[in-house]
Every structure is written in C-alpha cells, then in structure tokens.
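Notes follow the structure.
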Amino acid sequence: MTKNIEEIQNEIIDEFDLLDGDRESTIFYIMELGQDLPAIDESDKVDENIIKGCQSKVWLTTDFVDGHVIFNADSNTDITKGLISLLIRVLNNRTPQEIINADLFFFDKIGMNGVIGSQRSNGFASMIKQMKFYALAYSAKG
C-alpha cells in the first residue's frame, strides 16, 4: 500500500530527528539525499524548466501518467538537489488534487529554516509553488 503525503513527511521528520539538530550532519544528509535523485536528461536543462526564485539553478520537469504527476529534477548544487529530492519524495506520483491540497509541514518540523538560511528557504518555497502550479495545470486539463 502506498504511503500518503502525511506519512512520508513523518518519515522524513523521524530521519532528521536522528541527526539531533546537528547542522553539519543535517547539511551532509541533505546533500546525500540529492545524490540519490535520478539525473534528468541534459536536454531538459533549459530555461523553461528552471524554477524562478531559487538561488541555485533547479530544473523541474513533469509528466502526467494515469492521473498522477511525475516529477523529475536536478540542480547545479548538491544541497538544492537534496532539497528538491525531499519534495519529490513527498509529492511524486500523486494526483493533482493531492499535491494542491498538500500541507507540507515537514520543512518547519525538521528545523530547516535554521539550517539553510533565508535565501534557500525562499528557493524551497519557490519549488513548492512550482510543483503545485504544475498540479493545478494538470488538474485544469482534466
């Protein structure tokens, strides 16, 4: 059975709790998560796929398969790649409505604002906004 968005977020919170708030370990872990993100095709690394509002370059592509949104992403920095990988873990292969309605609470619960700073936090918000925008577009298509 597939886990719901809340269950996945709680798993992420539990994983970060093991790091006990250690900033260096947290950053290293985020970067490690990004290494597990499958690479996107070089041809997808175009301006149209860049998420606006991110300090680093983040490319996000989507597919719509059997009523579910499939996200793929990459970044030119390891920490940003790790951050987008967390969002993909939570929102990937969901219906547009699930994505639109998702209350993404894990970011605050793992204390990410204190770890990555305001620039990257704003970029993270831009990633969420773009992912929800894609979901809204697919929802409108029916």
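Computed over heavy atoms, backbone and side chain alike; hydrogens, waters and symmetry mates excluded.
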Looking only at heavy atoms, which two atoms of Leu86 and Leu33 are closest? And how far apart? CD2-CD1, 3.6 Å
Find out whether Ile116 and Phe107 are in side-chain contact, i.e. whether some heavy atom of one side chain is under 4.5 Å from a heavy atom of the other. yes
Can you hop from Phe28 to Val115 via hydrophobic side chains spaced under 4.5 Å? no
I'd like to know if Phe71 and Trp59 are part of one continuous hydrophobic network [Ile/Leu/Val/Met/Phe/Trp/Tyr, side-chain heavy atoms within less than 4.5 Å]. no
Considering residues, nucleotides and ligands other than Lys57, do more than 12 of their heavy atoms fall under 6.0 Å from its NZ? no
N/O donor-acceptor pair under 3.5 Å between Glu98 side chain and Ile5 backbone: no
Classify the angle between the aromatic ring planes of Phe64 and Tyr138 as parallel (below 30°), tilted (30 to 60°) or perpendicular (above 60°). parallel
Test item: Lys52 and Ser126 side chains (from C-beta on) under 4.5 Å apart, heavy atoms: no
Going from CD1 on Ile12 to CG on Leu104, what distance comes out if it is rounded to the nearest 0.5 angstrom? 9.5 Å
Give, for atom CD of Gln97 and atom CG of Leu136, the distance between the pair rounded to the nearest 0.5 Å. 8.5 Å
Begin from the C-alpha positions of Asp74 and Lys81 and carry the test side-chain contact (heavy atoms from CB on, under 4.5 Å) through to its verdict. CA-CA 6 Å; Asp74 201 354; Lys81 193 170 179 177; 3.3 Å; yes
Of the non-hydrogen atoms in Pro96 and Val69, which two are nearest, and what is the gap between them? CG-CG2, 4.1 Å
Could you tell me whether the side chain of Gln130 and the main chain of Met127 form a donor-acceptor pair under 3.5 Å? no
Judged by atom type as modelled, is there a donor-acceptor pair below 3.5 Å linking the side chain of Asn49 to the main-chain atoms of Lys45? no
Between Ala73 and Leu37, which heavy-atom pair has the shortest distance, and what is it? O-CD2, 3.3 Å
Do Leu87 and Ile100 share a hydrophobic cluster (ILVMFWY, side-chain heavy atoms under 4.5 Å, transitive)? no
Path from Tyr134 to Ile50 over hydrophobic side-chain contacts below 4.5 Å: no
Report the distance from atom CD1 of Ile99 to atom CE of Met131, rounding to the nearest 0.5 Å. 7.0 Å
Give, for atom OG of Ser85 and atom CG of Asp78, the distance between the pair rounded to the nearest 0.5 Å. 11.0 Å
Would Phe16 and Lys109 count as a side-chain contact (heavy atoms from CB on, under 4.5 Å) here? Give the steps. CA-CA 9 Å; Phe16 278 84; Lys109 296 270 188 195; over 6 Å; no
Using a 3.5 Å distance criterion without hydrogens, assess whether the side chain of Thr26 forms a donor-acceptor pair with backbone atoms of Asp22. yes
Taking the six-membered ring for Trp, are Phe106 and Phe124 parallel (under 30°), tilted (30 to 60°) or perpendicular (over 60°)? perpendicular
Minimum side-chain heavy-atom gap Ile70-Asn93 below 4.5 Å: yes
Over all heavy atoms of both residues, which pair between Ile8 and Arg94 is shortest? Give the atoms and the distance, please. CD1-NH2, 3.0 Å
How about CG on Asp41, more than 12 heavy atoms from neighbouring residues, nucleotides or ligands closer than 6.0 Å, or not? yes
Going from OG on Ser121 to CE on Met112, what distance comes out if it is rounded to the nearest 0.5 angstrom? 8.5 Å
Given side chains that start at C-beta, do those of Ile27 and Met31 come closer than 4.5 Å, heavy atoms only? yes
Is it true that, when you exclude Phe105 itself, more than 12 heavy atoms of the residues, nucleotides or ligands shown sit nearer than 6.0 Å to its CZ? yes
Interatomic distance, Thr80 atom OG1 to Ile84 atom CD1 [nearest 0.5 angstrom]: 9.5 Å
Please check if Ile51 and Ile40 belong to a single hydrophobic cluster, counting links between Ile, Leu, Val, Met, Phe, Trp and Tyr side chain heavy atoms closer than 4.5 Å. no
